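Encoded as structure tokens, the structure appears first; notes follow it.
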Number of protein chains: 2
Amino acid sequence: MNPTMTAAQSRAQAKQEYDAYLAACPSRRLLDRLSDKWITLVLSALGEQDMRYSELSRRIAGVSQKMLTQTLRQLERDGLVTRTVTPSVPVQVDYAITGLGRSLLTVVHGIKEWAEEHMDEVERRRAAFDEAHGTG
Amino acid sequence: MNPTMTAAQSRAQAKQEYDAYLAACPSRRLLDRLSDKWITLVLSALGEQDMRYSELSRRIAGVSQKMLTQTLRQLERDGLVTRTVTPSVPVQVDYAITGLGRSLLTVVHGIKEWAEEHMDEVERRRAAFDEAHGTG
DNA sequence: CAGAATCCAAGGGGATACTG
DNA sequence: CAGTATCCCCTTGGATTCTG
């Protein structure tokens, strides 16, 4: 501890170091990815079958072009999907999941299983809590 | 399809329905929880041992009081942790993980394992991608 | 000690318009 | 078809101040 630092300064420094630690943590980085709504949806869709851009955007009804493109770029960059351009007119772009991406789907399935097994328990707890603490 | 709807209107409706579907999906709801940075950190910390509020805030260096309190309330509400108040002066509040919370930690460990096994592969793919597409 | 309440800045993401 | 570029809103969360 540097005695010339104020308490606020040393707190800020601790926070910075902690943020750096978190940014470097593998499971945190993965969770940040999975937390992205569209990442899991696109990956799951491509887990079923290869798709073109337009097919994906139809399949995942709620997504905007901006988000779909951004998501696909991230997935491609991370080696989780491949992007294949066929230079016809008009161009055709096909997306497919990779082995790495497919292995990640097993993690997603783990999450899914816990959710399907326990989320109504959570739901019940939540209702009980709200009941006890006043709904309004 | 209602013919009196514009294309924009029917798109908006489709999106609403999709959002509703997502909001109801158990695994999406769980993922939304886990995606919250502090949820997993607090749960992991309490997985090691029970802690008081101040212990948690010290243990998890980067968190603000607002976020810590909010996170603990959510976890308590969902039945993942318990909150015990000892009416001394000053008051003492202890937090502990529940069985449900502990079972959720197994899911988190699954995520952690995949991350530790595959994240440098992802990192390499990413570097290769950036190399191929121009770093700047 | 363990919060609650308020204020406010930053950025994530939707809507829209345009392009090869 | 498969994107890119821009504007802009609205939520998220940190800092600060106050309390039982």
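Just so we're clear, the structure is a prediction, and the values are computed from it rather than from any experiment. All heavy atoms count here, side chains included; hydrogens, waters and symmetry mates do not. Below, chain A is the first sequence line, B the second, and so on; all start at residue 1.
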In whole angstroms, how far is the C1' atom of D:dA2 from the CE atom of A:Met51?
16 Å

Please give, in whole Å, the distance from C:dA2 P to B:Leu56 CG?
9 Å

Looking at D:dG13, C:dG13, C:dG20, which one has an atom nearest to any side-chain atom of A:Met67?
C:dG13

C:dC1 phosphate, OP1 or OP2, under 4.0 Å from B:Arg52 side-chain N/O
no

Can you find a side-chain donor-acceptor pair between A:Tyr95 and A:Thr84 that sits under 3.5 Å?
no

In whole Å, what is the span from the CD1 atom of A:Ile60 to the P atom of C:dG13?
15 Å

Quick check on DNA chain C: between A:Val91 and A:Val63, whose nearest nucleotide comes earlier from the 5' end?
A:Val63

Does a side-chain N or O of A:Arg83 approach OP1 or OP2 of D:dA2 to a distance below 4.0 Å, or not?
no

Give the nucleotide from the list C:dG14, D:dG3, C:dC1 with an atom nearest to the side chain of A:Ser64.
C:dG14

Ignoring the backbone of B:Pro90, work out which of C:dC1, C:dG13, C:dG3 is nearest its side chain.
C:dC1

Against the side chain of A:Val93, the closest entry in D:dG3, C:dG3, C:dG13 is D:dG3

Hey, what's the ring geometry for A:Trp38 with B:Tyr18, parallel, tilted or perpendicular (30° and 60° as the breaks)?
parallel

Is the shortest distance from a Lys or Arg side-chain nitrogen in B:Arg29 or A:Glu123 to a carboxylate oxygen in the other one below 4.0 Å?
yes

Using whole Å, report how far CG of B:Leu68 lies from P of D:dG13.
14 Å

Once you round it to whole Å, what is the distance between P of D:dG14 and CH2 of B:Trp38?
6 Å

Do A:Glu117 and A:Lys112 meet the salt-bridge criterion of a basic N to acidic O distance under 4.0 Å?
no

Map A:Arg73 and B:Lys37 onto DNA chain D by nearest heavy atom, then report which one ends up closer to the 5' terminus.
A:Arg73

For B:Ile39 and D:dT12, what is the distance between atoms CD1 and C1' respectively, to the nearest whole Å?
14 Å

Of all the choices, D:dG14, D:dT16, C:dA2, which nucleotide is nearest to the side chain of B:Gln65 once you look at every atom?
D:dT16

Proximity to the side chain of A:Lys66 - top-ranked nucleotide from D:dT17, D:dG20, C:dG13:
C:dG13

At under 4.0 Å, does any side-chain N or O of B:Tyr53 touch on OP1 or OP2 of C:dA4?
no

Can you see if the side chain of B:Ser54 gets near the phosphate of C:dA2 - specifically, an N or O under 4.0 Å from OP1 or OP2?
yes

To the nearest angstrom, how far is A:Gln70 atom CD from C:dG11 atom P?
14 Å

Determine the interplanar angle of the A:His133 and A:Phe129 rings, folded into 0 to 90°, and report it as parallel if under 30°, tilted if 30 to 60°, perpendicular if over 60°.
parallel

Rounded to the Å, how far apart are B:Asp19 CG and C:dG14 C1'?
11 Å

